[in-house]
*Asks:* 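The structure is given below, and queries will be raised subsequently.
When a ligand or atom number is given, it counts from 1 through the structure's own listing order. Note that these values count all heavy atoms, side chains included, but never hydrogens, waters or copies made by symmetry.
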Amino acid sequence: MNKKIAELKIETLISETDIKKRIKIMADQINNDYKDQSVYLICVLKGAFVFATDLCRQITVPCECGFMAVSSYGNAKKSSGKVKITKDLDEDIENKNVIIIEDIVDTGITLNFLKEYISTRQPKSLKICSLLSKPSCRKLSINIDYIGFEIEDKFVIGYGLDYEQYYRNLPYVAIVKN
Ligand code: IMP
Ligand code: MG
């Protein structure tokens, strides 16, 4: 870890307790929407791995978990605007109730790309679930079916979100101050 990253000034934006409470509400909504059905969760790596593990343990309908990885950011704070799949699903999702699990929707470019890509695999249904959303940053509109928290246009870290690959292990969401 370089000095710049080690000395990052951060401030809590969403506490561990608030995240936990909100996830329970989101999971209850999903359990209710898919009553008597099963779901296939797609965790979008790396950012969504913490959220997805907490969310899936509150899901009570039969649930499969798949993983995809995409890159659009490089290592900086700005998106390159180009999405690349770096890890695809291992299984067939045809005829399944798919829910994409994301950490944050910023410009909407990643999710628009993913939604289109996953639709070509002919799922029975396709919904989007994101812990965070920055509505003022949208470049492409996207309907998010389950949103944890709407936040301002600030760069956030923790709870899976990184700053140059660090801070994903922070148990809460924080704002970078400098
Ligand atoms: P979008 O394509 O601009 O919507 O960006 C989505 C991806 O960018 C997210 O899945 C995150 O990985 C990353 N991202 C966007 N905003 C932030 C942030 O504030 N902190 C860390 N990562 C972010
Ligand atoms: Mg992400």
Side-chain angles (χ1 to χ4, degrees), residues 1-2 4-16 18-19 22-23 26 30 40-56 65-89 93 98-120 126-178:
M1 193 190 241
N2 70 34
K4 193 183 94 206
I5 294 173
E7 288 174 358
L8 217 60
K9 288 195 181 65
I10 64 169
E11 188 179 276
T12 307
L13 179 67
I14 311 169
S15 71
E16 216 178 333
D18 287 348
I19 296 172
R22 186 72 194 125
I23 288 180
M26 295 171 88
I30 293 172
Y40 187 103
L41 306 182
I42 299 180
C43 169
V44 185
L45 298 170
K46 297 178 185 169
F49 84 106
V50 179
F51 174 46
T53 52
D54 281 348
L55 180 78
C56 76
C65 300
F67 300 87
M68 280 184 80
V70 293
S71 73
S72 62
Y73 258 59
N75 266 344
K77 281 194 194 174
K78 274 237 158 296
S79 169
S80 67
K82 282 197 199 102
V83 187
K84 201 173 81 193
I85 294 176
T86 53
K87 186 211 173 307
D88 208 338
L89 289 173
I93 52 164
V98 173
I99 308 176
I100 304 174
I101 311 294
E102 253 291 28
D103 51 355
I104 187 165
V105 186
D106 183 15
T107 61
I109 292 171
T110 306
L111 269 178
N112 263 286
F113 172 87
L114 272 177
K115 204 175 172 186
E116 208 164 294
Y117 178 76
I118 291 166
S119 301
T120 63
L126 180 55
K127 283 193 182 180
I128 291 173
C129 174
S130 181
L131 178 70
L132 304 171
S133 171
K134 292 184 198 171
S136 64
C137 298
R138 286 297 186 278
K139 288 187 180 153
L140 294 178
S141 78
I142 182 96
N143 179 49
I144 311 169
D145 302 278
Y146 308 100
I147 303 180
F149 302 90
E150 288 197 338
I151 62 168
E152 285 174 36
D153 180 13
K154 298 258 167 65
F155 192 80
V156 290
I157 55 168
Y159 203 75
L161 293 124
D162 72 304
Y163 180 83
E164 297 192 8
Q165 297 302 328
Y166 287 92
Y167 291 97
R168 294 190 196 275
N169 56 318
L170 209 64
Y172 53 91
V173 174
I175 294 175
V176 177
K177 299 291 281 181
N178 51 350

*Asks:* Within ligand 1, which atoms have a heavy atom of Thr107 less than 4.0 Å away?
*Replies:*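 Numbered from 1, ligand 1 contributes 1 (P), 2 (O), 3 (O), 4 (O).
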
*Asks:* Which ligand 1 atoms are under 4.0 Å away from a heavy-atom of Thr110?
*Replies:*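 Reading through ligand 1 atom by atom, the close ones are 1 (P), 2 (O), 5 (O), 6 (C).
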
*Asks:* Could you check whether atom NZ of Lys139 has more than 12 heavy atoms from other residues, nucleotides or ligands sitting under 6.0 Å from it?
*Replies:*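 For Lys139, atom NZ is not crowded (no more than 12 foreign heavy atoms under 6.0 Å).
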
*Asks:* With heavy-atom distances below 4.0 Å as the criterion, list the atoms of ligand 1 near Asp103.
*Replies:*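 Answer, ordered by atom number: 9 (C), 10 (O), 11 (C), 12 (O).
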
*Asks:* Applying salt bridge (Lys or Arg N to Asp or Glu O under 4.0 Å), name anything that partners Lys127, two or more places apart in sequence or on another chain.
*Replies:*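 Only Asp33 meet the salt bridge (Lys or Arg N to Asp or Glu O under 4.0 Å) criterion with Lys127.
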
*Asks:* Closer than 4.0 Å to some heavy atom of Asp162 - which atoms of ligand 1 meet that?
*Replies:*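 Near Asp162, meaning under 4.0 Å from one of its heavy atoms, ligand 1 has 21 (C).
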
*Asks:* Going by atom types only, do Asp54 and Tyr159 share a side-chain donor-acceptor pair under 3.5 Å?
*Replies:*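 Yes, Tyr159 and Asp54 have a side-chain donor paired with an acceptor closer than 3.5 Å.
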
*Asks:* Applying the side chain to side chain contact (heavy atoms under 4.5 Å, CB included) criterion to Phe149, which one of Val156, Leu131, Val173 satisfies it?
*Replies:*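 Option passing the side chain to side chain contact (heavy atoms under 4.5 Å, CB included) with Phe149: Leu131.
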
*Asks:* Identify, by atom number and element, the atoms of ligand 1 in contact range of Glu102, meaning under 4.0 Å from any of its heavy atoms.
*Replies:*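 Answer for ligand 1: 10 (O).
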
*Asks:* Are Lys139 and ligand 1 in contact, using a heavy-atom cut-off of under 4.0 Å?
*Replies:*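 Lys139: no contact with ligand 1 (<4.0 Å).
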
*Asks:* When you compare the side chains of Tyr117 and Asn112, does any donor N or O come within less than 3.5 Å of an acceptor on the partner?
*Replies:*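 No.
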
*Asks:* Can you name the atoms of ligand 1, numbered from 1 with element, that are less than 4.0 Å from a heavy atom of Lys154?
*Replies:*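 Near Lys154, meaning under 4.0 Å from one of its heavy atoms, ligand 1 has 19 (O).
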
*Asks:* Looking at non-hydrogen atoms alone, which of Ile157, Leu161, Ile104, Val156 comes nearest to atom 20 (N) of ligand 1?
*Replies:*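 Shortest heavy-atom distance from atom 20 (N) of ligand 1: Val156.
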
*Asks:* With sequence neighbours left out, write down each residue that passes salt bridge (Lys or Arg N to Asp or Glu O under 4.0 Å) with Lys154, or none if nothing qualifies.
*Replies:*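 Applying salt bridge (Lys or Arg N to Asp or Glu O under 4.0 Å) to Lys154 gives Glu152.
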
